[in-house]
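Heads up: the structure comes next, in structure tokens.
Each chain gets a letter, A, B and so on, in the order its sequence line appears, and its residues count up from 1.
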Amino acid sequence: MQEKLTQVKMEEVRCGEMPVTVLRFAGDITSASRTAVLGTYEGISGGPKHILLDFTGVDYLNSSGIALVIQMLIAANKNGQVIRAFGLKPHFQKVFAMVGITKYTTIHPDEETACAAYSG
Amino acid sequence: MQEKLTQVKMEEVRCGEMPVTVLRFAGDITSASRTAVLGTYEGISGGPKHILLDFTGVDYLNSSGIALVIQMLIAANKNGQVIRAFGLKPHFQKVFAMVGITKYTTIHPDEETACAAYSG
Amino acid sequence: MDEHRSSIELRLPSRLGFEKVAMDTAASVAHLMGFGPDRIEDLKTAISEACINAMEHGNKLDETLSVSIILCMDADSLEVRVVDTGDGPKGHTARPDIDKKMHEEEAARGMGMFLIESLVDEVEWISSPPLGSYARMIIRLHPASDSTQAQES
Amino acid sequence: MDEHRSSIELRLPSRLGFEKVAMDTAASVAHLMGFGPDRIEDLKTAISEACINAMEHGNKLDETLSVSIILCMDADSLEVRVVDTGDGPKGHTARPDIDKKMHEEEAARGMGMFLIESLVDEVEWISSPPLGSYARMIIRLHPASDSTQAQES
Ligand SMILES: Nc1ncnc2c1ncn2[C@@H]1O[C@H](COP(=O)(O)OP(=O)(O)O)[C@@H](O)[C@H]1O
Ligand SMILES: Nc1ncnc2c1ncn2[C@@H]1O[C@H](COP(=O)(O)OP(=O)(O)O)[C@@H](O)[C@H]1O
């Protein structure tokens, strides 16, 4: 039995002059995604000041998955990093707003507007 | 409780010089679709020689629905009419071939090729 | 419970249209197991036909009688039983003859069991009165040979 | 059986991931009933969270214990019960406090019951030991007021 798990891809991009590390998630973000979310974050935590989370490929996100995103935000906060996100389906944007995460990270509709926000 | 039933729309078009009556189906084609399939056919049976069935909007088609299509083909055969079809999803094309319907009607990939076949 | 043998059960009233719930449930299970989209379409049609037969012929469309769909997952195959309260089909499946149908020597209907046989890797109909009867289908992740080719008569 | 009160039951082993089958089954039923896509997303998330809680907290992830999802359709509402074999949650739902979470004064988790309450029209948790416990949710086709707006703290 093959269960579809979380996929994550890391990319270094430039938004204007600003170097930004993009984490592109796909598949599910659930309690089974600890390594994909927090492990990946820890792997890059020494470096970048700006991190962009791409949720475009995420079909399923539950409250345990959101808890992992919150843990990443906590760590980033401590490290003085700024995290932005984009690509969340409207339903998940609503859920993020419900739990209040939008107070600690900005949700952009797409990569372009997210990127533009770094030079704003 | 609102159940999604069959929708059918009738259109007169011209394929080259040839007048063709198109029946555009949408939704489900099941045992509940007798009126939509056979009733609609009977409503137009006096007239056209060429009938084109558009299955583009059909999501669900079961063996009782296919039986209605066969009954339409039988009637058309008696009336000397030619029926072509297009827009069937690949899975339903396979099912039509399995039951042998493709011996009595031609399945085209899209409206353009179906239309072109009338002048061929 | 064996890690490689989980079972899921769905119970539906015998109302035409509700077979779509069985189709979607089975598709969801097959997707979890890693079946590809074409094979999932085959499974959906087979389950639809088995459920409609169970509702119509097995339970005589009596909505108070249930149809059960039992999905057993193995590492590389899915077994589906569609259970009704009737006696099961008599005799075995006739292959539909489109020529006879077109000449009205055979009913236009009567393609469900043939489609099920054509679309899954294995099927049998088991009657165990007075308990009921069921169709038992198996669909494999990696079939030995592709038995789902369109077979034209 | 009353034409306006059909019930469908799904039984799943307590394995994380299988809640997706419940989500897809419920979405299929809601679609048949005429719910729109946004409301179906709300229902899917609520059912996902209720199933995960039933598996995790109710059945302690013991795969031999089932979670039942019972879907009762009325003319204009869907009632869903998610049943486990445990004692049910103690006390009532705390609203998650994102500031406390960010300052690690509250666990990052603990949002499931709040999300369920926010997404459906009605929910209650009922404990009936030793039989088990269930979450009972109602989602309406035409809610009196829109209770699904994002509520920021
Ligand atoms: N679950 C069942 N219980 C009793 N009889 C059945 C069942 N399934 C099929 N049959 C019998 O087999 C026949 C052929 O079924 P099928 O090939 O599906 O075509 P159709 O349902 O259109 O008649 C049915 O007409 C019925 O007599
Ligand atoms: N079905 C259940 N059976 C027993 N306890 C439950 C159940 N659902 C929820 N609970 C209790 O309520 C708490 C809060 O649940 P929830 O808000 O979903 O967050 P989480 O599951 O992340 O802890 C759980 O930690 C658990 O103690």
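In terms of the side chain to side chain donor-acceptor pair (under 3.5 Å) criterion, residue partners of Asp62(D) (sequence neighbours excluded) are, by chain and number, Thr64(D). Here Ser66(C) pairs with nothing under the side chain to side chain donor-acceptor pair (under 3.5 Å) rule; sequence neighbours left out.
Of all residues in residues 21-28 of chain C, those placing a non-hydrogen atom less than 4.5 angstrom from a non-hydrogen atom of chain D are Val21(C), Asp24(C), Thr25(C), Ser28(C).
Contact between Ser6(D) and Pro13(C) at its shortest, heavy atoms only, is CB-CG, 4.0 Å.
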In residues 122-131 of chain C, what donor-acceptor pairs under 3.5 Å come from side-chain atoms, sequence neighbours left out?
residue, atom, partner, partner atom, Å
Glu122(C), OE2, Arg140(C), NH2, 2.5
Glu124(C), OE2, Arg136(C), NH1, 2.8
Ser127(C), OG, Asp87(C), O, 2.6
Ser128(C), OG, Gly132(C), O, 3.4

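In this structure, CZ in Arg11(D) is found 11.0 Å from CG in Leu10(C), a value given to the nearest 0.5 Å.
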